[in-house]
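A short worksheet on the structure shown next.
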Amino acid sequence: MHGTHGAGPFGRGLAWVTALYLVLPILIVLPVALTDQRFLSLPKEGLSLQHFHTVLTSAEWLGSIWQSFTIALAATALSVVAGTLCAIGCWRISRRATDLVRLLMLLPLIIPSIVYAIGLYRYFGPLGLLDRFLGVVIAHGVTGIPYVVITVSTALAAFDPRLEQAARGMGASLTQTLRWVILPRIAPGIFSGAIFAFIHSWDELVMVLFIASRDVFTLPRRIWDGINENLDPAMAAVAVLLILFTLLLLLADRALRRRSESA
Amino acid sequence: MRLTGWWLLILPALLLVLFFYVAPIVQVLAISISEPEPGFGNYERLLTSEGVQRVILTTLRICLITTFLALLLGYGIAYAITLASPRARGFWMLAVLVPLWISVLVRAFAWVTLLRRQGLVNNTLMQAGVITEPLPLVWNEFGILVGMVHYMVPFAVLPMLASMREIDPRLLAAARGLGAARAQVFRQVFLPLSMPGVIAAGVLVFIFSLGFYITPAILGGGKTLMVAEWISLQILDLIRWGLGTMMATVLVLAILLTLLVFSRVVDLRRMFGTGG
């Protein structure tokens, strides 16, 4: 479209202002994390890595990072298996018949997590799942399903159903068709879904505030306490590490997509 | 039936969602009419309690302002992306997508660092001699709005961008060729054609804002309560399950109602990109 009709100065100005508003505030945590002061501030005399050192040698921060990581891995596995199978089933069965299923799968994106969190708080009590690794994994895994269903459905939309029919016609069982025909084709979609489900669990706070307390203390929970209680440069260091980690995951997603496009 | 096998694939997700998602939420709705005593006593508070009404009005006000600002700012970027060269397009998309995936806690923390009394904004302004007293930029409604709009702009951009990309560029070129000024092309051709995307984005941002918890809780400082924080206060601190679940039910109904009203304009499945 370029060359024929571009955005005017006002439109472009507004876009610039918005882009700066979106990106700059996030970047501010980097100099703050490198400050040589003991309190939240910009560096005065020079840059210092002491706050990164504080975080990376703290048993509490490392423990929470590890907990968040294992929970996110387990929750992602749950979301990916359930979400992928569901998306394939919905794709193969007619759209009409599965409309309700698809709608149900999207619910966690629409209903605020605070509503789900208070429900779980009561629901998990009798089941003995409060403050348990398994409880948090289930909560994160179930709410991660929509991300997988969406990315896998998108991948399936570009997949020719006749391939599946041909495989079945030649006598392949359902499992064989899945394993050898469908899954390899939609693998990039599954990986994307996995990355989104992972980030979802890794960042999730609201549910954890309600269903975990002492034994399960994830990274977002520790950051939340930090913001509310002691604002110090170590928090900025954690923020920087988190940003780097997220960028890494996004780059991985991008690389996977590019590879699947060129293949 | 050969379809039975395919239905079995759906089963694990269906059971998980029914037992571990739908059931807990149904329970929330049930508590709102059973505690502290059976009946609609909790819902009467909607009409009688000033506190309840104030929270709802505050939430609606903040959500409407957030939606308006997110649409305005998001429109600018979506417009620039649509009309940009492929290379510039990649750059603009980065500005939208990277914040989208950065943790909401990191973003709230960054805003606190910038906006608090001894924060970077106030310090800079004081050193420059522009102000003598720190401005109250955070732990109030202003802080909530800054943080919420920041969070919501990417969600506004995506649906608007999807609809703008469907606008045929030849229409704009034709309008220019027929002698329309740039502003005229925008007002009479581009803007009307992009409206479905604007409405979809507006609905999306509005319903996300209604139940938003973390950003308002951190940047609001506990004085400006929105619905989600009020619910958590009722349940975690005051142990008033009936009231908390009543508000949760009202919240869900408000969201479903908004979606229903706009269901003709907003295709949910397209909005979330299930490719249906």
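All values below were derived from every heavy atom in this structure, side-chain atoms included, with hydrogens, water molecules and symmetry-related copies excluded. To find a chain, count down the sequence lines: A is the first, B the second, and so on, and within it residues start at 1.
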[X], part contacting chain A, at a heavy-atom distance under 4.5 Å:
{"X": "B:W101", "value": "both"}
{"X": "B:I231", "value": "side chain"}
{"X": "B:L120", "value": "side chain"}
{"X": "B:V149", "value": "both"}
{"X": "B:L251", "value": "side chain"}
{"X": "B:Y151", "value": "neither"}

Does [X] reach the side chain of [Y], with side-chain heavy atoms less than 4.5 Å apart?
{"X": "A:P112", "Y": "B:L210", "value": "no"}
{"X": "A:F10", "Y": "B:Y79", "value": "no"}
{"X": "A:V81", "Y": "B:P12", "value": "no"}
{"X": "B:W92", "Y": "A:T18", "value": "no"}
{"X": "A:L104", "Y": "B:Y21", "value": "no"}
{"X": "A:I111", "Y": "B:I255", "value": "no"}
{"X": "A:L40", "Y": "B:Q118", "value": "no"}
{"X": "B:L105", "Y": "A:L205", "value": "yes"}

Judged by atom type as modelled, is there a donor-acceptor pair below 3.5 Å linking the side chain of A:Y21 to the main-chain atoms of B:H150?
->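 Yes; judged by distance alone, with no hydrogens or angles, the pair exists.
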
Can any side-chain N or O of A:Y123 pair as donor or acceptor with the backbone N or O of B:F19 at less than 3.5 Å?
->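 A pair under 3.5 Å: yes.
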
What distance do [X] atom [atom1] and [Y] atom [atom2] have between them, rounded to the nearest 0.5 Å?
{"X": "A:C90", "Y": "B:L14", "atom1": "SG", "atom2": "CG", "value": "9.0 Å"}
{"X": "A:L174", "Y": "B:W6", "atom1": "CG", "atom2": "CH2", "value": "5.0 Å"}
{"X": "A:D203", "Y": "B:S103", "atom1": "CG", "atom2": "OG", "value": "4.0 Å"}
{"X": "A:L109", "Y": "B:F208", "atom1": "CG", "atom2": "CZ", "value": "6.5 Å"}
{"X": "A:L209", "Y": "B:Y213", "atom1": "CG", "atom2": "OH", "value": "5.5 Å"}
{"X": "B:M226", "Y": "A:I114", "atom1": "CE", "atom2": "CD1", "value": "12.0 Å"}

Between [options], which shows the greatest number of heavy-atom pairs under 4.5 Å with chain B?
{"options": "A:G226, A:G11, A:A236, A:A139", "answer": "A:A236"}
{"options": "A:V142, A:L78, A:I93, A:I223", "answer": "A:I93"}
{"options": "A:S41, A:A15, A:A82", "answer": "A:A15"}
{"options": "A:V23, A:V29, A:I138", "answer": "A:I138"}
{"options": "A:F124, A:Y121, A:W202", "answer": "A:Y121"}

Greatest number of heavy atom pairs closer than 4.5 Å to chain A - which of B:L94, B:L72, B:V28, B:I81 =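 Among B:L94, B:L72, B:V28, B:I81, the one with the most close pairs to chain A is B:V28.
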
Taking B:L15, B:V112, B:V146, B:V157 one by one, which has the highest count of heavy-atom pairs under 4.5 Å against chain A?
->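 So the answer, after comparing B:L15, B:V112, B:V146, B:V157, is B:V146.
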
Under 4.5 Å from any heavy atom of chain B, what part of [X] do you find: side chain, backbone, both or neither?
{"X": "A:I227", "answer": "side chain"}
{"X": "A:L247", "answer": "side chain"}
{"X": "A:A117", "answer": "neither"}

Indicate the atoms forming the closest heavy-atom contact of [X] with [Y], along with that distance.
{"X": "B:A248", "Y": "A:I118", "result": "CB-CD1, 3.8 Å"}
{"X": "B:R182", "Y": "A:P9", "result": "NE-CD, 4.4 Å"}
{"X": "A:Y116", "Y": "B:P24", "result": "CE1-CG, 4.2 Å"}

Do you know which of B:L16, B:I10, B:L11 makes side chain to side chain contact (heavy atoms under 4.5 Å, CB included) with A:C86?
->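 It is B:I10, the one option of B:L16, B:I10, B:L11 that forms the side chain to side chain contact (heavy atoms under 4.5 Å, CB included) with A:C86.
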
Taking it one step at a time, do A:L178 and B:L9 satisfy side-chain contact (heavy atoms from CB on, under 4.5 Å)?
-> CA-CA 10 Å; A:L178 273 181; B:L9 296 185; 3.9 Å; yes

